[in-house]
Amino acid sequence: MLSFLGRRLLYMVPTLFLISVVSFAIIQLPPGDYLTALTSEMEAQGETVDNVQLEALRARYGLGEPFHVQYWKWISGIVSDLDFGQSFEWGRPVSTLLADRLPLTVALAGATLLFTWLVALPIGIYSAVKQYSIGDYLATTLGLLGLATPNFLLALLLMWIAFSTFGLSVGRPNAVTLAIAVVVLGTAGTAGLIRILRANLLDELRKPYVVAARAQGLPERRLLVKYPLRVAMNPFFSTIGWLLPGLVGGEVIVATVINLDTVGPLLLGALQSQDMYLAGSIILILSALTVIGTLISDIALAWLDPRVRLRYR
Amino acid sequence: MLQPDSPPERPGVAADPAPDGAHLAVEPEAVSVASQWKLMWWRFRRHRLAMAGLIVTALFYFVAVFADFLAPYGSGTFESEHTYAPPQTLRIVDTSGDGWDWGLYVHGYRAERDPETLELRYAVDEATRIPVRLFAEGETYRLFGLFETDIHLFGTADPDAPPVHLLGADRLGRDQLSRIIHGTRISMSVGLIGVSVAFVLGILLGGVSGYVGGKTDTVIQRVVEFFMSLPTLPLWLGLAAAVPRDWGPLTRYFAITVVLSFVAWTGLAREVRGRFLSLREEDFVTAAKLDGVGRPGVIFRHMLPSFTSHLIATLTLSIPAMILAETALSFLGLGLQAPVVSWGVLLQEAQQIRVISTAPWLLLPGLAVVTAVLALNFLGDGLRDAADPYRR
Amino acid sequence: MTSHVRATPTIADAHVPESDLLVIDELATHFHTDEGVVKAVDGVSLTVPHGKTVCVVGESGCGKSVTARSVLGLVDPPGRIESGHIWWRPSPPTEPLDLAALDPRAAAMRRVRGGQIGMVFQEPMASLSPMYTIGNQLTQAMRLHLPLSAAEARERAIAQLARVGIPQPEKRFDAYPFQLSGGMCQRAMIAIALACDPGLLIADEPTTALDVTTQARILDLLRELKDQTGMAMIFVTHDLGVVAEIADEVAVMYLGRVVERGSVFDIFDRPQHPYTVALLESMPTAGLSAGGRLNAISGMVPHPGNRPAGCAFHPRCPSMIPGLCDTISPPELTLGDRRSAACHLLDAEVAAPPPPSRVPAAVVAPAVTRAVPAPAAPAPAPSGEPLLSVQGLRMYFPVKKGILGRTVGHVRAVDDVDLEIRQGETVGLVGESGCGKTTLGRCIARALDPTGGRILYRDAEGGPAVDLAQLTSAQLRPYRGQVRVIFQDPFGSLNPRKTLLQLIGEPLTRIRRADTSDSSIQDQVADMLRRVGLRPEYMRRYPHAFSGGERQRVSIARALITRPRLVVADEAVSALDVSVRAQILNLLRDLQDEYRLTYLFISHDLSVVESLCDRVAVMYLGKIVEQAGTRSLFTEPGHPYTAALLSAVPQPDPHRRSQGARIRLADDLPDPADPPPGCPFHTRCPHRDSSICAVDVPQPRRLGAGHLAACHYAGDLVLK
């Protein structure tokens, strides 16, 4: 187990490095650099540009220097001082901007995870155990609809219903809009999980060991929970890895409909205005979180499944 | 001779069961000589939802191909007096006069001022009557870019009459139905082209990885794993945002499809590699090698045909994700941009709840998205289930 | 045989003889599928007396397993028990309980499962959950039915593991199933099934997936446990050898019905039903290599959805009476105590009028003269020069580990093998699974590129020998047609997307490019199809239209179309049912004469090898440990491993059951990536002498003409 963990951690290093390179490349992709954009913006507003300050900034980010030098300055700033650079749109350091918005984002993520699991687990089990029942067809159909509906469309529909029936104000977040956000963000994930859980469980239920356990006189419910369900649960742990990035991605879209002070809209705004240090930093953080999340889910899987745990001795 | 208590006589060989699968020892001649594709078709045909999916998908692509003819107006044509005009119902019989008067027509609009907000609104005016006909003359266009014509499936009988909006109009008074039809072309093709790019990448790298094996395989697998560990949506957003603003609509369209396929190829590469690896161990592949078939022959005549059906199913199933992604990107203003019309671009008009409550028909492109995605999913599921007719 | 009493079709309610533990009465279990109702079990009656072993035997698709599963209500949907009774009376004073009438989910059924009736399945590895330790699953089975504390259960479980012969039970208690070998898993499965001392054990093909040595040990174990506990057993198997080893009573099933019942001696000595007779005659026996033939049953078991009218066996029956057998289903006739058969020929009223010639001799003849020796077919004199000579052949597979796939070791699948195959002979290659016999076969056919060594092949023109191991694929092309392979799996070895014409014609166009016009190929394929017993019209068909046996005929046709000289038959009959296997063996035999073929016959089934081969080579851990003429190998084995293999083969004769002490090997084969030093077999050898065997690798010793054994004590040991 320890060596499995060690190998897994070691494997993360090149991935994280590559991710940071890709993120930085995205920052560098748009033509021109951030200072030229800044100067032109300031000039357009009739402000004077302090050349000394400008030069200081230029030196700090290594603008005009080759890619790898700029990258090195950027990444060493992040690693040593958590300095992700400046957001020129907001005129503040990226790190403070993120710090303001992370708590709500994480809270929303937790609520969505809970929602997804609590809804998907019972429905998935029911669907598999009562295959071809009316409930199964209903769950399958709803699941497919959930997967086929873009989440912003769902958000629009729910908000429209809330607006027209309860006359809710749309402007600021309240309990109802937060609840809608959780449902919208969780729907696609829930639908996907139900589908996977159902398929996995059906697969497991046909395995010989289920018949063998039944032949020992194990009651159906205990049998289901102890044997096939434990194997079929694997996808639930894989969701951990994808949760935060998927959520922020979803939020980006949903937040244009529901006004939320989370990381999502920040990313969208940054992308639309090509505020690349902010955007690149968010992408870097999200990608890093994915890698860490996959690590957590891999550890959870290894801990739960002796086959994974013992094969990688 | 026989005792009365002997067991009841059983009927002889029952009528042959439906010709399916290979599990019956005795089979009608037709099944015995049926090729893989025929067997797949027989299996697919029994899957009702999949058949429905096939028909709906075919309809969507038909609409995409004949969009210019099917849409009564161009995607940019507007009637400034028809801001947020509600949908009109196409009527066949006029009973307002004496007796029944046959013929297609719609009612016209009348402007009203909202007594509270003083906004100008349009409502269907039961009193007016605008005749409509099939194969009406309208704007000129080039069918398939070749034949110039001005015949549309339907339109107002009098070319100068105010336009008809069967699905309402948007903020600028553009016909929603026409725009959805034109949007079909872009939205449905983004999926196809994106998947094709992903397909080429996936089959090439996956095939090399699976067949060559060894160090090459290790390197390609690491690359695939890296791409898979990247979060999809933020990456899409980042790449799409990095597409320069000043690129023309066509370049932008291709840039976006490439961005979309950038993420999708990894799954395909894995599938192709997995199939290659498992097929390499199959006895019939070894047998072909021993029959003197060379390497290309083994790959193209024995291995590839064994999983093209699976590939087609996987490809079909990855189109919906592309359609959804394009819709989301365009909705956010990061994907395609006007004047290009896609369902996502159309939905951009419906970002405000207030707008939706005034003109709910602006959400209709969303219905098109859901229908297309569902149809493709059903089709793909059916194909996947039918992909291996030899399953034991 | 004169006074027949008709079997009472139903036992009056609660009239279950006290000596009977379980009485199955007219059980019908049907599967309601989209294609119609499949009557997998269709009126089975069976009794299990206290403390006896009842074997249910028959070919695949006869409903044996479904019958066994029906007893515990374990038939999965869409199957369900349609009618009939399963009377269960664990202790005589109580009223019998009808298991067929119980809801499979009811508590009453759960008390019976595991508590009163235990069950063991075919796939030991898959029948244990990979997520829990052996100990966890065993204690769970105990605590379901017995009031035990966790500590008590653990103690009892370890004792139980020791009882089923698992070494180091304390350690194995915490092992996961995938850490154990198949044999160990089956022992664990038996421990679980017997956790609560049930009165009856149902064993559904428990040894089919195991090697012959492991099978022998599991059979011994089951017999011992039966004697210790006095439990009864229902033992489902397709292998008549196993039946002869373990059965007290036998029920022969055909297409969902019991066609004959009786004691094991009755069945083997005096079979009454033509199907039983035919099954016994299809068993391979020595002498086939000398030109003898097996009495194969024609045709194959039809799908239960296409049950023939009348007697289900009539289309394949040699003594079918037209107008009777094909219209009226024969009733079960009682022939004595616990003895019955369902055949019109045995009915006094039916059999009286027809002339005695109608009843073929086989029906009444004892099943001793099974192989009919050929009148005068002298074995082809092996010429001096070998056709193929394998020298020092090695095939190592790298073991890779880690992210970068570093090679950390090698599996020595074939390790320094010498073997000669002479023109016209049939050489058998035997050994347990994983010993490298298939790899050796594939190296010879150059499906694999050997790591080292030589494969010298003498061309037909009589030129110098060619080293096949050194040739490039282009140089190999002419030899591809001369050395051909028949594969084991009749389903996996034929590309399902090609017609028979394409499949059989492909080697012609690819290898022999002489006359490859379409019509010539068609003619040759048609001719070949005829030779292997298929109709030439079938060439437009795809493999899915054929059964396993027919596909194997196609494989043979594909192998022989290039007129090869050497054919490597890799477990070519292992996946087939007994009756079909006999047909294919006969076909191989006939074709050998016709085309002057030389066979390398790879098989794990020693009885098949004994009947077909002239010479046999025994492989163990990648090395050939012994080779000799078939007769001398089977009568005077020189290597302890050969002796152990031979003594593990179940004899299809219940009278020879207790003859002689058996050699029993430990279950586990050493890791082929890390073979033991010295003699590879010394870890399992009953005769090992640690001073030499664990240190020096034994060199082959000559024991007689063409008899070599790689053992330090070959010739000195008394092995049989």
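Chain A is the first sequence line, chain B the second, and so forth, proteins listed ahead of strands; every chain is numbered from 1.
When the candidates B:Val285, B:Val219, B:Asp291, B:Asp283 are compared by the number of heavy-atom contacts under 4.5 Å with chain C, B:Asp291 comes out ahead.
By the 30° and 60° cut-offs, the orientation of the rings of C:His30 relative to C:His32 is tilted.
No side-chain N or O of C:His314 forms a donor-acceptor pair with one of C:Asp326 less than 3.5 Å apart. When only modelled atom types and interatomic distance are considered, C:Ser340 and C:Glu332 share a side-chain donor-acceptor pair under 3.5 Å.
At a 4.5 Å heavy-atom cutoff, C:Leu500 makes no contact with chain B through either its backbone or its side chain. With a 4.5 angstrom heavy-atom cutoff, C:Arg446 touches chain B only via backbone atoms. Heavy-atom distances place no part of B:Arg295 under 4.5 Å from chain C, backbone and side chain included.
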Checklist entry - What do the steps show when you test B:Trp265 against B:Leu205 for side-chain contact (heavy atoms from CB on, under 4.5 Å), and what is the final call? => result CA-CA 9 Å; B:Trp265 72 271; B:Leu205 289 172; 3.5 Å; yes
